[in-house]
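Have a look at the structure below before the remarks.
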Amino acid sequence: MTPFTFNTTPSIRMGDGLLDQLGDMARATCGGSVLLVTDPGMMATGIVDRALAAIEAAGVAVTVFSDVKADPPEAVILQAVAAAKGMDGVIGLGGGSSIDVAKLAALLARSGETLTDCYGVGMAKGPRLPLIAVPTTSGTGSEVTPISIVTTGASEKMGVVSPLIIPDVALLDPELTRDLPAHVTAATGIDAMVHAIESYASASPNNNPVSRALAVEALRLMGGALERAVKEPHDMAARGDMLLGSLLAGQAFANSPVAAVHALAYPIGGHFKVPHGLSNALVLPHVLRFNAMTAPTPYAELAGITFPELADLQGQEAASAFADALQDLSTRCGLQKGLREVGIGQDDLPMLARDAMNQTRLLVNNPRALDQTDAQSIYEAAW
């Protein structure tokens, strides 16, 4: 067997209403004081109040940092780091951006490293503060990944990739996702499915049987649950399947990393402020069709697992039907169909293609090599 490495969050706890036990987890994992990292949207819900009540009831002192923005810029990271200094631990509560900020706050407040020193793969040295992640969306899987994404400058994104920032505890409470708006449920759900698909098909030398098994189960769960979660938001079985599927997909791509879908999605979000999950959804079927021309097997294998009605198809036919079914699922869930619908002009496509080529960390994992001309062709198909 080819050697591989698999790292993940040491403790995963899942259950309805589990947020009320956050205080006991905080005391056991972090100690006497914590920084709770979240965003203004979460502050407007009752979730933060519940979390604070649980933490304070356990006798843990808590300070709130609530200035997280989507696609967090460097300035927000540095503000969170300053707030975390002197704390015994950090809790990230919210979507992927809040958890990503919490991960870097825990690292930099303890290690004293600079953010720029940590960009890249394996550059962080540590140590970090104890860290708990509480996701409120079923999308990024950040609660089990060694990755934090930061917006640098006007539009470019950089990643800190290190097992040092994998949280100590992931707390999954499906009730926290129940009141998500339909468009957020849809976009984050497609994001999680992309994680599983790209992990399974990844050309990374660390593509491994554990990641592939997790990706398969993630897609089995989410393929049957996403549309239900969008259209019947209080279907808690669907919400639970999506949250667990997102975590499993996160574990998969944390070790067998994603590729060209993400590489082409990042410039869309960076330049046009399109949410990351929607950016992925817009290019997903077109990247899959491009890849399947030379590497159809992984998509053919996933087709019937994700969409049982495709189980009798094989080879190129199955791969093509898989891309079509994913595009149709996005449309049924209410997501925009093309780049033009999110304000991107056809004359913007060369810029997007040029910027996508900067994502070498991701493009190297794609099962089919692509150049700037290929990227522009994919954007044109998605337009």
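Since we're looking at a predicted model, the values are computed, not measured. By convention here, the first residue in the shown sequence is residue 1. As a basis for the values below, the full set of heavy atoms in this structure was taken, side chains included, without hydrogen atoms, waters or symmetry mates.
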Pair Asp168, Thr29: side-chain N/O donor-acceptor within cut-off below 3.5 Å: no

Tell me, please, which residues at least two apart from Arg368 pass side chain to side chain donor-acceptor pair (under 3.5 Å). none

Main-chain N/O of Val169 paired to Ser11 side chain as donor or acceptor, under 3.5 Å: no

Check whether more than 12 heavy atoms from other residues, nucleotides or ligands sit under 6.0 Å from atom NZ of Lys273, and answer yes or no. yes

Is a side-chain donor or acceptor of Tyr119 paired with a backbone partner of Val161 at a separation under 3.5 angstrom? no

Testing the basics here: between Gln251 and Val144, what is the closest heavy-atom pair and its distance to 0.1 Å? N-CG2, 3.5 Å

Around atom CG of Asp49, are there more than 12 heavy atoms of other residues, nucleotides or ligands at under 6.0 Å? yes

So, Ser256 side chain and Ser202 main chain: donor-acceptor pair closer than 3.5 Å or not? no

Taking it one step at a time, do Lys103 and Thr145 satisfy side chain to side chain donor-acceptor pair (under 3.5 Å)? CA-CA 10 Å; Lys103 289 154 89 168; Thr145 71; 3.0 Å; yes

Just by distance, no angles: are the side chains of Asp117 and Thr114 close enough, under 3.5 Å, to form a donor-acceptor pair? yes

According to the interplanar angle, ranging from 0 to 90°, do the rings of His276 and His262 count as parallel (below 30°), tilted (30 to 60°) or perpendicular (above 60°)? tilted

What's in the same ILVMFWY side-chain cluster as Ile166, cut-off under 4.5 Å, chained through other members? none

Note: Lys69-Asp39 ion pair, threshold 4.0 Å (strictly below): no

Does Thr185 reach the main-chain N or O of Leu226 with its side chain, forming a donor-acceptor pair under 3.5 Å? no

Please report the shortest heavy-atom distance between Ile149 and Arg361, naming the atom on each side. CD1-NH2, 3.9 Å

Exercise: do Gln327 and Arg332 side chains pair donor with acceptor under 3.5 Å: no

Taking a hydrophobic cluster as the set of Ile, Leu, Val, Met, Phe, Trp and Tyr residues connected by side-chain heavy atoms closer than 4.5 Å, whether directly or through intermediates, do Met193 and Tyr299 fall within one such cluster? yes

Nearest 0.5 Å please: distance from the OG1 atom of Thr9 over to the CG atom of Leu172. 9.5 Å

Pairing of Arg220 and Glu217 as salt bridge, 4.0 angstrom limit: yes

Answer yes or no: is there a donor N or O on one side and an acceptor on the other, between the side chain of Asp235 and the main chain of Ala229, under 3.5 Å? no

Say whether Glu380 and Gln376, considering side chains only, have a donor N or O and an acceptor N or O under 3.5 Å apart. yes

Verify the cluster assignment for Ile305 and Phe307: are they in a single hydrophobic cluster under the rule of side-chain heavy atoms below 4.5 Å apart? yes

Taking side chain as C-beta onward, heavy atoms only, is Arg50 less than 4.5 Å from Leu176? yes

Does any donor atom in the side chain of Ser211 or Asn208 lie under 3.5 Å from an acceptor atom in the other side chain? yes

How about Gln314: does its CD atom have over 12 heavy atoms from other parts shown lying under 6.0 Å from it? no

Please name the pair of heavy atoms, one in Ala26 and one in Val34, separated by the smallest distance, quoted to 0.1 Å. CB-CG1, 4.4 Å

Do Leu244 and Val216 sit in one hydrophobic cluster, given that two such residues count as connected whenever their side-chain heavy atoms are within less than 4.5 Å of each other, even indirectly? no

Taking Leu352's backbone N and O only, do any of them form a donor-acceptor pair with Asp355's side chain (distance below 3.5 Å, no angle check)? no

Atom of Gln372, atom of Ala353 and distance for their closest heavy-atom approach: O-CB, 3.8 Å

Same cluster or not: Ile197 versus Tyr266, using hydrophobic residues (I, L, V, M, F, W, Y) connected whenever any side-chain heavy atoms lie under 4.5 Å apart? no

Is there a path of hydrophobic side-chain contacts, each under 4.5 Å between heavy atoms of I, L, V, M, F, W or Y residues, that connects Val364 with Val287? no

Sorted by chain and number, sequence neighbours left out, side-chain contact (heavy atoms from CB on, under 4.5 Å) with Ala259 holds for Glu198, Asn365, Asn366

Heavy-atom count check: over 12 atoms from other residues, nucleotides or ligands less than 6.0 Å from Met14 CE? yes

On a heavy-atom basis, which atom in Lys125 and which in Met123 lie closest, and how many Å separate them? NZ-O, 2.9 Å

State whether Glu341 and Lys337 are salt-bridged, where the test is any N-O pair (Lys NZ or Arg NE/NH1/NH2 against Asp/Glu carboxylate O) under 4.0 Å. no

Between Arg340 and Trp383, is there a donor-acceptor pair closer than 3.5 Å when you use the side chain of the first and the backbone of the second? yes

Donor-acceptor pair, side chain of Asn280 and main chain of Ala265, under 3.5 angstrom: no

Under a 3.5 Å distance rule, please check whether Arg128 uses its side chain to pair with a backbone N or O of Ala106 as donor and acceptor. no

What's the verdict on side chain to side chain donor-acceptor pair (under 3.5 Å) for Ser199 and Arg212, showing C-alpha distance, side-chain angles and the deciding distance? CA-CA 7 Å; Ser199 172; Arg212 290 195 295 275; over 6 Å; no

Does Glu56 use its side chain to pair, donor to acceptor, with the backbone of Val62 at less than 3.5 Å? no

Go through it in stages, so that I can follow the logic: the residues are Ser33 and Asp88, the test is side chain to side chain donor-acceptor pair (under 3.5 Å), and I'd like the CA-CA distance, side-chain angles, deciding distance and then a yes or no. CA-CA 5 Å; Ser33 64; Asp88 293 327; 3.3 Å; yes

How close do Leu282 and Ala382 get, counting heavy atoms only, and between which atoms? O-CB, 3.5 Å

